[in-house]
Protein chains: 2
Amino acid sequence: MKSPRQGITSTDVARRAGVSQSAVSRTFTVGASVAPETRRKVLEAARDLGYRPNAIARSLITNRSRMIGVVMAYLENQFYPGVLETLASRLQERGYQVLLFTGFKDRNSDPVYEQVMQYQVDGLFLASTTLSSGLSGECAAAGIPIVLFNRTTESAQTSSVTTNNREGGRKIADFLVAGGHERYAFVAGVADSSTNRDRETGFCEGLEKHGINEIIRVAGQYSMPAAADAARRLFSRSERPDAIFVANDHMAIAVMDVARYEFGLNIPEDVSIVGYDDVGPARWPGYQITSYSQPLDAMVDASVTILMDQIDQNKVSSIHTVIDAELIVRESARKPDHGLQSRNGQLVWTG
Amino acid sequence: MKSPRQGITSTDVARRAGVSQSAVSRTFTVGASVAPETRRKVLEAARDLGYRPNAIARSLITNRSRMIGVVMAYLENQFYPGVLETLASRLQERGYQVLLFTGFKDRNSDPVYEQVMQYQVDGLFLASTTLSSGLSGECAAAGIPIVLFNRTTESAQTSSVTTNNREGGRKIADFLVAGGHERYAFVAGVADSSTNRDRETGFCEGLEKHGINEIIRVAGQYSMPAAADAARRLFSRSERPDAIFVANDHMAIAVMDVARYEFGLNIPEDVSIVGYDDVGPARWPGYQITSYSQPLDAMVDASVTILMDQIDQNKVSSIHTVIDAELIVRESARKPDHGLQSRNGQLVWTG
DNA sequence: ATCTTCATTGCATTCGTATGCAAATATGTA
DNA sequence: TACATATTTGCATACGAATGCAATGAAGAT
């Protein structure tokens, strides 16, 4: 039981070291002019007192909080915790912190919006389908760089990092056609998300190119229960599809489980399933999902680069980075007899 | 392309509204004395200018950042993203933000430690096995309340929230014995984590009570690959165990996969597996893990309460909250013919 | 010894908001 | 109307660190 609650300030250190507060500040500022002897005295005093620079006070005067706002509506889809982890890691390497906004699935997201603006974040990493539009306008006006992660928009003042979702959809179509399927289905994510739209467009384009014009489309809302429902509808049809592209792995898992445990189907003998993201469970022996891999590290690096550049140059611009990705072939879909290639231990579809 | 980068301040608003800066501040401070008419003028001016209070500046003067530092070494175990999501949600409801520290699996955690201290967090939520000891001492000295989540310690100045891990271990022992097993094994987490230690102790106690003194112990390090290795060792023994308690579900999944796909074992016919946490995948049809459920919401609520109380009272104390939990019975372990009870749609072991 | 040059240092101010205090105004009472 | 009381307001200052500017001192050049 104690309650000091008032910290050691640079002035305290200065007094003990017998120098001015400025000298203390300069000691903790890289590139500032301090004599070696002064620095030594300051560091000693600082150590004795247990001094740490107050990041809040620094932020006020420098007008830089060194915090990046990270907005992720939910973390249930395993893809996002992974993103968060590497993102935090990369940012911390550069001396930036993560101010996290998440868990507002159902609640109103207005407060989030207010908080983001009040905390003077230096940049914003948006990985949430909702509220992208509102925030981006306001931030652009405030000169705060934004990067949309795994989604994009036409807005002139936000940047984005995605994989080539449209090409991904196309390649998946090619792959499934090469596997010799007959009835194709698509389990969609949230309809108005750019990512879902592009994957769907690409998939349809790809199938049409092969003369396939009938695609059964069901909505999975990027959620497991919704995807499971969608799967039930699919498998209850008289003409059951034998090739299903599910807009992400998170939903694909639900679809596979319904296929196996509710309809007794064998995968891939009875039905082929292809996912997107290549999340952890996709690699588990029970799933082995053939999935379009989103290279997480590269995507995060690209995002961080965009943010840092704009912060350093103090100007907001609109950069859209599209990362190359591959279709990793595992066991959840029938394999074509050509176009497969082994690349560092993984089988890849090269068409 | 633009670069304003200088915000609207309370003084700007004051000028436009024809009042003092104090009046503006008071308008945005709950409970402060402002005449309705003044407030109206201020709010109007604020809206016109797009003013938002600067949380950084406020923190400096109030000596409260309204940020809680959250330290989670890694998010791979699905339990933690769930915790993070509800925690962020609860904190935001109370006007607190989450400053997240994660992704330092391999890297040195010293910098993390420095950052936490510099950012003047009002409290600290520690869900990381490592670095708990170092941080807790320093924070206690600085008067910052800490709560250890899902781990505990004897330190007089930190609080903790856990389930009754020891009793959990005991109940699992009872359950497995009631199921009529013969050879028992334990797949451990990180050896020196309090959580693992308690679960193990309870499990051994429970078995001994039934006269079982031989338990095969292998180390899983709370990681899937390590747990898979551990499982391989277990199943390669001449006398294969038929009852395994795995210290958490994350590892249990790996153990089950190895059992099924590498050793062709049937679960629970050939081997019973019990996990801990009751994470999302434990409920997937392919796993259906019998697992000791950690009530996430209750644990988070308890943690938040502890932190908020101590922040409000401005004193650090040591509170250890132990939450009641239950063994949820599913299909990964042979079921006893007694002691089971259905409770809101789930089967629970009541011994 | 005198003058330049350059590195260090301290002073004073600044960032944007909150708040104690005293002044000013409004409200109620006799 | 005069006075007491309650409410509202602005002034001035504080929070902790960074930084432009001028002063100081040391080193080097002549």
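Just so we're on the same page: letters track the sequence lines, and every chain starts at 1.
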The nucleotide from C:dT17, D:dG16, C:dT9 with an atom nearest the side chain of A:Asn54 is D:dG16
Check whether any side-chain nitrogen or oxygen of A:Thr9 sits under 4.0 Å from OP1 or OP2 of D:dG16, and answer yes or no.
no
Verify the distance criterion only: is there a donor paired with an acceptor across the side chains of A:Ser193 and A:Tyr222 at less than 3.5 Å? yes
Rounded to whole Å, the CZ-P distance (B:Arg39 to D:dT7) equals 16 Å
A:Asn63 atom CG is separated from D:dT19 atom P, nearest whole Å, by 11 Å
To the nearest angstrom, the CD1-P distance between B:Ile56 and D:dA18 comes to 14 Å
5'-most contact on DNA chain D (nearest-nucleotide basis), A:Phe28 vs B:Thr62, goes to B:Thr62
Worksheet item: With distance as the sole test, does A:Thr158 use its side chain to make a donor-acceptor pair with the main-chain N or O of A:Val147 at under 3.5 Å?
Response: no
Between CZ of A:Arg64 and P of C:dG16 the distance, given in whole Å, is 14 Å
Below 4.0 Å: OP1/OP2 of C:dG16 and any side-chain N or O of A:Tyr119
no
Please enumerate all protein N or O atoms sitting under 3.5 Å from an N or O of nucleotides 10-14 of chain C, with distances to 0.1 Å.
residue	atom	partner	partner atom	Å
C:dG10	OP2	A:Ser20	N	3.0
C:dG10	OP2	A:Ser20	OG	2.8
C:dG10	N7	A:Arg26	NH1	3.2
C:dG10	O6	A:Arg26	NH2	2.8
C:dC11	N4	A:Ser22	OG	2.8

In whole angstroms, the gap separating P of C:dT17 from CD1 of B:Ile8 amounts to 10 Å
Could you go through the salt bridge (Lys or Arg N to Asp or Glu O under 4.0 Å) check for A:Glu44 and A:Arg40 one step at a time?
-> CA-CA 6 Å; A:Glu44 186 182 316; A:Arg40 196 195 55 72; 3.0 Å; yes
Atom CZ of A:Arg52 and atom P of D:dG16 are separated, to the nearest Å, by 16 Å
Do you see a donor-acceptor pair shorter than 3.5 Å between the side chains of B:Gln120 and B:Ser65? no
Rounded to whole Å, CZ of B:Arg66 lies from P of C:dT17 at a distance of 16 Å
Rounded to whole Å, CG of A:Leu49 lies from P of D:dG16 at a distance of 14 Å
Inset, instruction - Tell me yes or no: between the side chains of A:Gln92 and B:Gln115, is some donor less than 3.5 Å from an acceptor? - result: no
Scanning both residues in full, the closest heavy-atom pair of A:Arg26 with A:Ala32 reads O-CB, 3.6 Å
From the candidates C:dC15, C:dT17, D:dA17, the one with an atom nearest any side-chain atom of A:Leu60 is C:dC15
Fill in: Heavy-atom donor-acceptor pair, B:Arg66 side chain to B:Arg94 backbone, under 3.5 Å
yes
* Asked: Touch check for A:Val34, heavy atoms < 4.0 angstrom, all strands: base, sugar-phosphate only, or nothing?
  -> sugar-phosphate
### Task
Kindly say if B:Ser25 contacts the phosphate of C:dT17, meaning a side-chain N or O under 4.0 Å from OP1 or OP2.
no
5'-most contact on DNA chain D (nearest-nucleotide basis), B:Ser33 vs B:Ala57, goes to B:Ser33
